[in-house]
Amino acid sequence: MPEQESEATMETSFQELPDAPPRRRIRFSLSGKIGIFLVLFWVLMIFIGPSISPYNEADFLDESLFIVPGGDEYPDTDYQPPSKVALLGTDYLGRDTLSRILYGARTTIGISFAATLIAYLLGVTLGIAAAVGSEWLDMCLSRFNDAFLSIPTIMMGLVVIAAVGSTIPILVIMTGFIYATSVFRVARSLGQDVMVSDFVEAAKVRGEGLWWIITREILPNIVMPLATDFGLRFVWIILFISALSFLGLGVQPPMSDWGSMVKENLGGLPYGSIAPLMPSLAIASLTISINLIVDDISAHSGGKLSNKMI
Amino acid sequence: MAALLEVDQLKIDARKDDGSLSPIVKGVSFNVDRGEVVALIGESGSGKTTIALSALGYTKPGLEFTSGEVRLHGQDVISMPSEEKRLMRGQKVAYLAQSAAATFNPSLTIGEQVTESPVLHGQLNQEEANQRAIELYRALELPDPEKLGKRYPHQVSGGQLQRLMAAMALCGNPDLLVLDEPTTALDVTTQIEVLKAFKSVIKQEGSAAIYVTHDLSVVAQIADDIVVLYAGEIQEHGRAEQVVYQPGHDYTRRLMNAVRPPPAAGQGDEMTGDHEREAPALEVRELSAGYGKKNNGNPSIRVLRDVNISIERGHTVGVIGESGCGKSTLARVMSGLLPASQGDVLLDGEPLQPDLKNRSRSELQKVQFVFQMADTALNPRQRIDQILGRPLEFYLGLKGGEKRKRIAELLEMVELPQDFAGRYPDELSGGQKQRINLARALAASPEILLCDEVISALDSIVGANVIELLKRLRKLTGVSYVFISHDLSTVASFADEIVVLYAGRVVEQGHVDQVLSPPYHPYTRLLIASVPELRVGWLEATMETQEAKAGIDRVVRITETGCPFFDRCPIKIEGTCDKEIPPIRNFGDHHQIECHRSEADFLN
Amino acid sequence: MLFQAVFRRVLIGIVTLLVVSIIIFIGTSLLPGDVAEIILGQMATPESLAALRIKLGMDHPPHIRYLMWLGDLLTGDLGMSKAGSGAGTIGTEISVMIAPRLMNTLRLSGMVAIISIPMAMMLGLLASMYPGSRIDRIITFSTLSIISVPDFLVAMILVMIFAVQLGWLPSIAYMSGNETGWQLIRALLMPTLTLVTIVSAQIIRMTRATILNIMSSPYIEMAILKGVPRKRIILRHSLLNTIGPIVNVIALNMAWLIGGVVIVETVFAYPGLAKLMIDGVQTRDLPLVQACAMIFCATYVVLILIADMASIISNPRLRHPK
């Protein structure tokens with residue numbers, strides 16, 4: 001009897017072996033977690049930065065604040081090193097660097113985010129259109145896009161600004177358009193990959209319309225890689241806007257963002273002032289953080305993403 | 001005398017992302033003696049490749065040896081220092097991978113790669129190695145052996161590359177060969193040629209071998225010993241004759257049952273009643289199709305030409321041929337995915353629009369397509385109930401409770417548990433996905449299912465179960481199948497009629513029994529002869545046939561004039577077959593053969 | 001086959017350049033104001049403007065003007081700059097302004113290329129040979145940091161270290177144009193160092209990724225299982241297949257160098273072409289901006305062309321057709 005029983009259990013135990021591992025949740029490494037923390041910090045600062053900053057961004061600190069016992073009666077207020085009065089020192093006009101960074105977060109992140117949104121709206125729409133549309137449409141859009149891509153972004157920016165000047169709306173729209181070209185490329189290639197997959201073919205054989213195929217078959221499958229790409233693109237746009245501001249061609253005074261703060265205070269660099277360094281570190285903390293998060297996510301999806309995004 | 005290779009209580013684990021270990025090989029022991037071929041047989045996930053690679057002291061990245069020994073000439077290769085391992089690899093143990101196309105470096109010449117190992121190990125100098133390589137090319141019956149070494153991998157065919165890999169492994173005169181599914185990716189006709197070459201070379205060189213495969217019929221041809229594996233454990237181990245003819249273990253018997261008998265007349269299921277209807281369910285007339293730019297209405301690459309097929313209601317038509325013969329294209333044209341360049345597709349006697357965009361919803365509903373790879377045919381972002389629910393909604397307008405009820409019925413029909421409705425395709429195994437894939441097509445309540453190689457990606461037992469399911473569904477729903485496959489045994493056991501495609505032309509068609517019995521088209525005869533039988537000694541017998549000698553391992557060429565099979569035909573008529581398109585000969589009751597030869601010639 | 005592929009690619013490059021020139025021409029000619037106004041400056045009267053416009057051929061329709069501009073461009077006539085125009089004088093010839101600046105920029109980028117290409121390839125190779133090791137992790141992390149931060153931060157940190165803390169180098173690259181020897185090197189050092197850091201980080205990352213990708217291919221596994229020594233696997237089996245992609249990477253990065261040059265020349269007040277262009281943008285000197293942009297874009301397109309060519313030529317299927 002026992003032998004028969006073992007045979008019966010044998011019979012049931014020869015299940016087909018699963019060939020796919022079960023879904024994994026993303027595990028963030030320590031660096032990824034630090035990234036998430038810093039990004040959340042800056043997002044919070046967009047909303048509450050000005051209300052918790054020690055001074056107004058335009059306040060010139062009073063020289064009386066910097067009097068040290070037995071020192072100069074009228075000390076310079078510009079390029080002050082960090083102290084209890086100004087935690088990150090003062091800038092070339094004697095304004096509090098920390099406060100200006102907290103106020104500037106809004107401008108830098110806001111402009112960049114708006115530009116990224118435009119780039120995505122435009123790039124994804126056209127990219128998907130090229131992927132699902134006729135060969136002819138794809139040819140036209142892609143050739144046109146290639147021509148724009150063959151102009152370095154910074155050159156494109158410089159020519160446009162030389163032509164029409166630099167205001168915030170122009171900056172946002174221009175940056176959005178410039179980066180839409182690379183979003184287009186990513187969206188098109190992701191869309192094309194899904195478009196030739198059997199399940200889209202299955203939907204076509206069923207007789208589904210284009211709208212169903214785009215919204216139900218393609219978009220759900222490219223949304224994750226696109227979200228990751230959004231992160232990377234956002235980083236590049238922050239760097240681009242900051243570079244323009246640094247060249248004095250981005251955000252114009254009296255408004256200021258992190259990039260223009262670096263430009264204003266560049267004169268302090270030879271004297272070892274940290275005033276130009278601090279806003280650049282603010283930019284770096286944000287961009288590195290986003291990259292760390294993206295790294296973790298693309299490692300999770302097998303690193304295939306990064307190949308498409310160069 | 002100690003065995004050449006002793007695998008002793010071998011355990012191998014996979015390290016997961018979270019650092020924990022999961023066992024892949026769970027204490028396996030067996031020996032390989034000198035001059036002996038041991039087959040490791042099992043389905044995917046059985047650990048057979050992992051065990052085979054351990055003979056080289058190697059594991060794939062992510063796996064680690066946990067315990068046990070693998071002794072070659074009495075010395076453990078796992079604990080060997082890496083420099084010694086390097087010297088052992090190639091010289092004492094050589095490896096043949098599944099895909100030769102990927103294992104040859106595209107930038108180096110074939111000759112350099114074949115001779116590299118013995119030259120590096122100092123066994124031969126370059127001159128001697130080149131000589132030895134040429135001898136091996138000859139032994140493996142490769143074309144133009146003198147000049148082959150100067151060529152690059154992409155310049156030779158797949159079957160040749162596979163044999164070149166054997167030359168690469170044998171060049172260093174190893175004591176042990178490890179062959180990892182070396183014929184799985186090949187067409188049947190190529191497979192027997194490669195098998196034969198392997199077998200005779202192994203015998204000639206007197207080396208021992210470990211042969212990894214999932215195909216019992218192949219094993220029967222080449223192995224002395226068989227080790228049956230399931231989930232990292234040995235289920236049965238014995239001499240080949242014993243395992244094949246008297247399987248002792250339950251799992252082996254199940255594997256055996258999944259192997260189909262060789263194709264022969266009289267295997268098909270009884271036809272279900274008479275179907276005296278005026279119009280066939282689906283018919284194609286004078287159909288031509290292809291890809292690329294069109295000129296004069298003909299595409300630049302013509303894949304199908306002048307194809308005539310009709311599928312009677314409730315019948316199963318098997319479409320058979322080697323890769324590149326146009327069988328999948330035929331299904332795509334029928335479904336409207338690829339509009340035909342000439343000819344008609346008729347549904348219930350009414351011509352269908354060539355492009356599916358112009359077909360009506362009810363026409364689309366009647367012809368459903370089942371894709372080959374369930375992995376890619378199911379949208380990974382949709383739940384099973386969404387996948388099955390959509391056709392119900394789209395064609396039949398079912399909603400809410402009715403839809404849920406029908407989904408439950410469909411799951412039951414394909415023998416899957418109800419709770420699968422809430423799962424995503426990733427959470428299913430390959431066979432389960434293929435069942436969902438079928439259920440989706442059935443959801444439309446179609447008249448015709450176009451099944452494109454639906455079991456070729458599945459393990460044998462799983463595939464056999466899917467075929468059983470298809471048979472039951474046919475009885476249950478009365479649906480007609482167009483069953484496309486490269487596997488003649490499966491088609492023979494399942495279809496009512498067979499259509500044999502070669503280079504885009506129908507060379508023979510008729511009832512199963514007619515096609516599988518004389519008179520044969522020479523190509524049909526070649527195909528039948530090439531299907532491996534689960535019988536020791538089959539290979540040698542087959543190689544003696546004239547078909548095998550003439551037709552094996554030639555590239556299919558699509559010709560503009562004459563008979564496309566001319567190159568490979570053992571009974572070709574020079575001056576006629578290469579010049580004139582062959583006539584269609586009728587042998588009564590739908591049995592047609594396209595050939596210049598007459599019935600008398602076929603029978604000789 | 002190889003020849004055809006290369007020829008096709010060159011043709012695409014030429015077409016791209018034409019399209020770029022059209023974009024730049026349209027972008028700048030849509031704007032108010034024209035060269036005649038620039039040349040005459042404040043002396044302009046309606047009559048003199050009209051006369052000059054006819055003389056300059058500006059009464060022609062836009063497509064003719066474009067062809068004229070293109071023809072001038074190809075013969076080296078870059079037009080007139082606004083600079084120096086005004087009271088009684090007309091503008092300066094752009095080619096005269098550009099020539100010395102272009103030399104400076106070429107000198108700088110040449111230095112950067114000579115230093116960064118071999119260094120970055122070595123470091124990329126090193127990281128890819130020991131993936132996951134400490135050295136790999138250090139290289140990966142630091143290069144990721146460098147490419148994620150603004151170029152000017154890299155420049156400033158280097159200034160902080162070498163000019164401010166150590167006092168070895170000047171923080172600003174004042175050049176009169178006739179420096180030689182040590183003076184020239186001193187002026188070039190800081191900008192070069194900055195650009196080398198930025199460009200190398202990119203090349204290292206991409207070299208590493210390329211090699212790792214090839215090292216995980218089945219034919220490398222086969223080579224291991226054939227008992228091929230590690231050194232030979234890297235030098236013979238993988239290098240031949242990596243060389244195309246790596247040349248591709250290098251050409252791409254040299255193209256990206258253009259973006260870096262703009263920032264670095266500004267930080268160090270280095271009198272190069274990019275700085276000239278920035279000044280042009282600030283004074284809205286359109287013909288000057290047009291000419292500079294054309295030079296940069298042409299360089300970019302040519303480098304991308306080289307990158308593509310490298311991958312075409314390294315494809316064994318094209319080199320050894322059937």
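So that the names make sense, note that chain A is the first sequence line, chain B the second, and so on, each numbered from 1.
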Residue part contacting chain B, namely of C:Arg236, when any heavy atom lies under 4.5 Å | both
Part of C:Ile220 within contact of chain B (heavy atom distance under 4.5 Å) =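 No part of it gets close to chain B.
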Return the option, out of [options], with the maximum number of heavy-atom pairs under 4.5 Å with chain C.
{"options": "B:His121, B:Met168, B:Arg89", "value": "B:Arg89"}
{"options": "B:Thr103, B:Val93, B:Leu87", "value": "B:Thr103"}
{"options": "B:Ser117, B:Gly90, B:Ala97, B:Pro106", "value": "B:Pro106"}
{"options": "B:Met88, B:Lys60, B:Gln91, B:Met165", "value": "B:Lys60"}

Side chain proximity check, [X] to [Y], heavy atoms < 4.5 angstrom:
{"X": "C:Asn241", "Y": "C:Tyr219", "value": "yes"}
{"X": "B:Val37", "Y": "B:Phe198", "value": "no"}
{"X": "C:Met215", "Y": "C:Ile234", "value": "yes"}
{"X": "B:Arg86", "Y": "C:Arg230", "value": "no"}

B:Thr59-B:Glu64 side chain donor-acceptor pair, cut-off 3.5 Å | no
Between B:Tyr95 and C:Glu221, do the side chains contain an N or O donor and an N or O acceptor separated by less than 3.5 Å?
->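 Short answer, no.
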If one checks every heavy atom of B:Gln113 against chain C at 4.5 Å, the contacting part turns out to be both
Checking heavy atoms, do the side chain of B:Ala94, its backbone, both or neither come under 4.5 Å from chain C?
->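 For B:Ala94, neither part sits under 4.5 Å from chain C.
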Main-chain N/O of C:Val249 paired with C:Asn253 side-chain donor or acceptor, under 3.5 Å |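 Side chain of C:Asn253 to backbone of C:Val249: a pair is present.
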Backbone N or O of B:Gly172 within a donor-acceptor pair of the B:Gln123 side chain at under 3.5 Å?
-> yes
Quick one: CG on B:Leu96 to CZ on B:Arg163, what's the gap to the nearest 0.5 Å?
-> 13.0 Å
Quick one: CD1 on C:Ile304 to CD1 on C:Ile12, what's the gap to the nearest 0.5 Å?
-> 13.0 Å
Close contacts, residues 135-143 of chain C versus chain B, judged by heavy atoms under 4.5 Å | none
Residue by residue, scan residues 192-203 of chain C and write down, ordered by number, those that have a heavy-atom distance under 4.5 Å to chain B; if none do, write 'none'.
->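 So no residue qualifies.
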Considering residues, nucleotides and ligands other than C:Arg232, do more than 12 of their heavy atoms fall under 6.0 Å from its CZ?
-> yes
Show the numbers, then the answer: is there a side chain to side chain donor-acceptor pair (under 3.5 Å) between B:Thr183 and B:Gln162?
-> CA-CA 8 Å; B:Thr183 65; B:Gln162 210 73 28; over 6 Å; no
Test side-chain contact (heavy atoms from CB on, under 4.5 Å) applied to B:Pro118 and B:Leu170, B:Asn125, B:Leu124, the passing residue | B:Leu124
